[in-house]
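Presented below is the structure to which this report refers.
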Protein chains: 2
Amino acid sequence: MASVKVTNDVVIEQLLSVFRTVGYDGASMAQLAEATGLQKSSLYHRFPDGKQAMAGAVLDYIDESSKTDVVAVLLNTTLPPAQRLKTVLTAINNLYNGGQLSCVLRALSLGSAAEVFRSQIAGIFTGWITGFTRLALDLGKSQPEASQLAQGVVIGVQGALILAQTLQQPTVFGQTLARIEADFLAQL
Amino acid sequence: MASVKVTNDVVIEQLLSVFRTVGYDGASMAQLAEATGLQKSSLYHRFPDGKQAMAGAVLDYIDESSKTDVVAVLLNTTLPPAQRLKTVLTAINNLYNGGQLSCVLRALSLGSAAEVFRSQIAGIFTGWITGFTRLALDLGKSQPEASQLAQGVVIGVQGALILAQTLQQPTVFGQTLARIEADFLAQL
DNA sequence: TAAACTTTACCGAACATTCGGTAAATATTC
DNA sequence: GAATATTTACCGAATGTTCGGTAAAGTTTA
């Protein structure tokens, strides 16, 4: 091989950081090149199918880390439910750097890319909902309660990120995570 | 004067419908022109400061209708709180056509326009929070409870819109509004 | 009242710039 | 030297924006 200046994972993480802050249409090739430290053509060498493929790779990357850091933990029934909850909420808090980072799933669900990526994004959301539903059931909730709580996690995370960043008040995000934890642990 | 082809309000509503679905960077002048039925140059006649001014006019329009349809109702202490709640939630449901329409505030908080419009968007969110806090207090909640509930409205609406549209399951939005209503009316 | 002037709304064509993407050449590693 | 990675230079198309001009309505003046 020739000199690989940056590993593929690093490139993807830089692409992620651009897409998440400016969205798909807002991200220009020049900006993506500058962020990765590569020239445009080098990006096209790694992603021959162009910009959409770059965003697709970012989504695959997110899909993967979502499965390992969130879903797998939630479904790991060898751990006590309360510990699973705490671990996952901490992971989520880190994912968004305490509410300071946008969610790339939201960023990619607008504009030219929206229809292309919608089903994949839906898959990631569904994974979370499945995992949190299982956790809620293990915490003694009824089926409808569990579904409602699980949906509330995705809704709360996405909504809180928007509010926290718009108000420039990251604590809103942490408060929301705390409320989610309390809801799951609440005894009827 | 020459005859006006479309009133300013109609133009703004068409601009709104484009911006809300594709975002700021995703909206091309050609698309905005086609949606309004005017030529690009005619749009520049009405908005000499260009695309940003068009999005700004849309935001002003939203700001206004938010104040009259939501905030003013919430603060109208001549009406019983429960009725205010019901009226406003119905209005919100209509605003987003039962969860099928994106929120233009979210659409404009990404990309090139994000920093330009952030404070104005924050003002609209703050208006809602102020109004819902007042309502919660009138429903007998404590101050911290009221603030938390009010924040939860904005978070819930924004988050539910994202989830509903990604999953193509608009009912998610209605369910969230119902949960919000229940939370406000719940007796401790 | 009618002609002359001004203002307003609109349009088609062009503007410079930036867009995503490509081809050919150079550099690096095995 | 064969293969891969990266770069420089470039392309056509699309971007947001501006310009010159036209038609209609209002205003002024004779």
Side-chain angles (χ1 to χ4, degrees), chain A residues 1-59 104 107-108 110-117, chain B residues 1-59 104 107-108 110-117:
Chain A
M1 295 207 191
S3 65
V4 181
K5 280 195 167 173
V6 281
T7 79
N8 240 332
D9 272 14
V10 169
V11 168
I12 288 182
E13 274 166 21
Q14 303 301 332
L15 295 177
L16 162 62
S17 97
V18 174
F19 280 125
R20 90 190 313 167
T21 55
V22 299
Y24 183 82
D25 292 306
S28 70
M29 288 305 303
Q31 196 174 355
L32 295 172
E34 195 199 343
T36 55
L38 295 176
Q39 297 295 331
K40 281 195 296 177
S41 319
S42 303
L43 277 177
Y44 273 90
H45 176 70
R46 302 211 190 192
F47 304 97
D49 289 341
K51 192 179 172 184
Q52 260 193 28
M54 299 178 203
V58 167
L59 266 188
V104 74
L108 292 180
L110 262 179
S112 342
E115 206 44 43
V116 180
F117 296 128
Chain B
M1 294 204 197
S3 49
V4 183
K5 211 172 182 186
V6 280
T7 79
N8 238 333
D9 272 13
V10 169
V11 168
I12 288 181
E13 274 166 22
Q14 303 300 331
L15 295 177
L16 163 62
S17 95
V18 174
F19 280 126
R20 90 189 312 168
T21 54
V22 299
Y24 183 81
D25 292 304
S28 72
M29 288 304 302
Q31 196 175 355
L32 295 172
E34 196 199 344
T36 56
L38 295 176
Q39 295 296 329
K40 287 193 284 180
S41 34
S42 303
L43 277 177
Y44 271 88
H45 175 71
R46 301 215 190 187
F47 305 97
D49 290 339
K51 192 177 169 183
Q52 260 194 28
M54 300 178 204
V58 166
L59 266 187
V104 74
L108 291 180
L110 262 180
S112 342
E115 205 44 42
V116 179
F117 296 129

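Within every chain, numbering begins at 1; the chains are lettered A, B, ... in the order of the sequence lines, protein sequences first and strands thereafter.
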For the student: nearest non-hydrogen atoms of [X] and [Y], plus distance:
{"X": "B/Val18", "Y": "B/Ala27", "result": "CG1-CB, 3.9 Å"}
{"X": "B/Tyr44", "Y": "B/Gly50", "result": "CE2-CA, 3.4 Å"}
{"X": "B/Gly111", "Y": "B/Asp25", "result": "CA-OD2, 3.2 Å"}
{"X": "B/Ala33", "Y": "B/Gln39", "result": "CB-C, 4.1 Å"}

A/Gln31 atom CD: more than 12 heavy-atom contacts under 6.0 Å: yes

Residues A/Leu43, A/Thr36; criterion side-chain contact (heavy atoms from CB on, under 4.5 Å); working and verdict: CA-CA 9 Å; A/Leu43 277 177; A/Thr36 55; 4.0 Å; yes

Does the side chain of [X] reach to within under 4.5 Å of the side chain of [Y], using non-hydrogen atoms?
{"X": "B/Arg46", "Y": "B/Leu38", "value": "yes"}
{"X": "A/Val58", "Y": "A/Val104", "value": "yes"}
{"X": "B/Leu108", "Y": "B/Leu59", "value": "yes"}
{"X": "B/Leu32", "Y": "B/Phe47", "value": "no"}

Of residues 47-55 of chain A, the positions that come close to DNA chain D - non-hydrogen atoms, cut-off under 4.0 Å: none

Between protein and nucleotides 23-26 of chain C, what N or O pairs are separated by less than 3.5 Å?
from, atom 1, to, atom 2, distance (Å)
C/dA23, N6, A/Ser41, OG, 3.4

OP1, OP2 of [N] versus side-chain N and O of [X]: anything below 4.0 Å?
{"X": "A/Arg46", "N": "D/dT6", "answer": "yes"}
{"X": "A/Tyr44", "N": "C/dG21", "answer": "yes"}
{"X": "B/His45", "N": "C/dC10", "answer": "no"}
{"X": "A/Ser42", "N": "D/dA5", "answer": "no"}

Parallel, tilted or perpendicular: ring planes of A/Tyr24 versus A/Phe19, cut at 30 and 60 degrees: parallel

Base of D/dT17 paired with side chain of B/Lys40 (donor-acceptor, under 3.5 Å): yes

Close residues, residues 12-39 of chain B, relative to DNA chain C [heavy-atom separation under 4.0 Å]: B/Leu38, B/Gln39

